[in-house]
K.L.:
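Can you read through this structure? Questions will come right after.
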Amino acid sequence: MSIWARGDRTGRVGEALLMLEGQGIIDGLEILPQEDKPYRVRVPAGIVHMDEEEASMFALGAVVGAFGEVARTRG
């Protein structure tokens, strides 16, 4: 079983960013496939242009930053 609806890496990166947007961790997202850096992520500091590799690392960092403390909390 997979949590990803899309099977290829490009689809998973886009889906991860969409989930971050849905959780309110990023302020907006635009994907322009024809561009060299197709991922446009809106954060409080502005719009960040990223390629697929940068976007995947950004998504990982954003998840760790947003949920890392919650995951470490012991009840």
Side-chain angles (χ1 to χ4, degrees):
M1 185 172 133
S2 175
I3 64 168
W4 303 109
R6 300 176 195 154
D8 64 338
R9 183 172 194 259
T10 300
R12 289 190 304 265
V13 169
E15 197 169 340
L17 293 170
L18 285 171
M19 286 191 278
L20 291 172
E21 183 181 28
Q23 292 292 320
I25 296 168
I26 62 174
D27 297 329
L29 172 67
E30 186 176 9
I31 301 173
L32 305 170
Q34 69 278 11
E35 300 289 326
D36 289 337
K37 293 194 176 226
Y39 301 92
R40 309 278 200 268
V41 177
R42 191 174 324 115
V43 294
I47 297 174
V48 182
H49 299 242
M50 293 178 263
D51 63 22
E52 187 174 289
E53 186 67 25
E54 293 164 334
S56 69
M57 292 295 106
F58 173 85
L60 176 61
V63 168
V64 170
F67 299 112
E69 189 63 32
V70 173
R72 288 184 185 89
T73 303
R74 302 214 193 302

K.L.:
Quick one: pull up OG1 in T10 and CD1 in I31 and give me the separation to the nearest 0.5 Å.
P.N.:
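Rounded to the nearest 0.5 Å, the OG1-CD1 separation comes out at 9.5 Å.
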K.L.:
Taking all atoms of both residues into account, what is the closest heavy-atom pair of L20 and A59, and its distance?
P.N.:
CD1-CA, 3.8 Å
K.L.:
Under the criterion side chain to side chain contact (heavy atoms under 4.5 Å, CB included), which of I26, V48, I47 is the partner of R42?
P.N.:
I47
K.L.:
Say whether V43 and V13 are linked into one hydrophobic cluster, either directly or through other cluster members, by side-chain heavy-atom distances under 4.5 angstrom.
P.N.:
yes
K.L.:
Where is the tightest heavy-atom contact between G14 and L29, given as atom of each residue plus distance?
P.N.:
O-CD2, 4.3 Å
K.L.:
Give the minimum heavy-atom separation between M50 and F58, together with the two atoms involved.
P.N.:
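Minimum heavy-atom contact is SD-CB, 3.6 Å.
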K.L.:
Are L18 and V64 linked, directly or through intermediate hydrophobic residues, by side-chain heavy-atom contacts shorter than 4.5 Å (ILVMFWY only)?
P.N.:
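Looking at the clustering, L18 is in a separate group from V64.
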K.L.:
Any donor and acceptor pair, going by atom type alone, linking the side chain of E54 with main-chain N or O of D51 inside 3.5 Å?
P.N.:
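Yes, because the side chain of E54 sits within donor-acceptor range (under 3.5 Å) of the backbone of D51.
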K.L.:
CD/E30 to CZ/R40 distance, rounded to the nearest 0.5 angstrom?
P.N.:
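Between atom CD of E30 and atom CZ of R40 there are 6.5 Å.
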K.L.:
Working to the nearest 0.5 angstrom, can you tell me the gap between E52 CD and M57 CE?
P.N.:
10.5 Å
K.L.:
May I have the step-by-step check of side chain to side chain contact (heavy atoms under 4.5 Å, CB included) for R9 and E53, ending in yes or no?
P.N.:
CA-CA 10 Å; R9 183 172 194 259; E53 186 67 25; 3.2 Å; yes
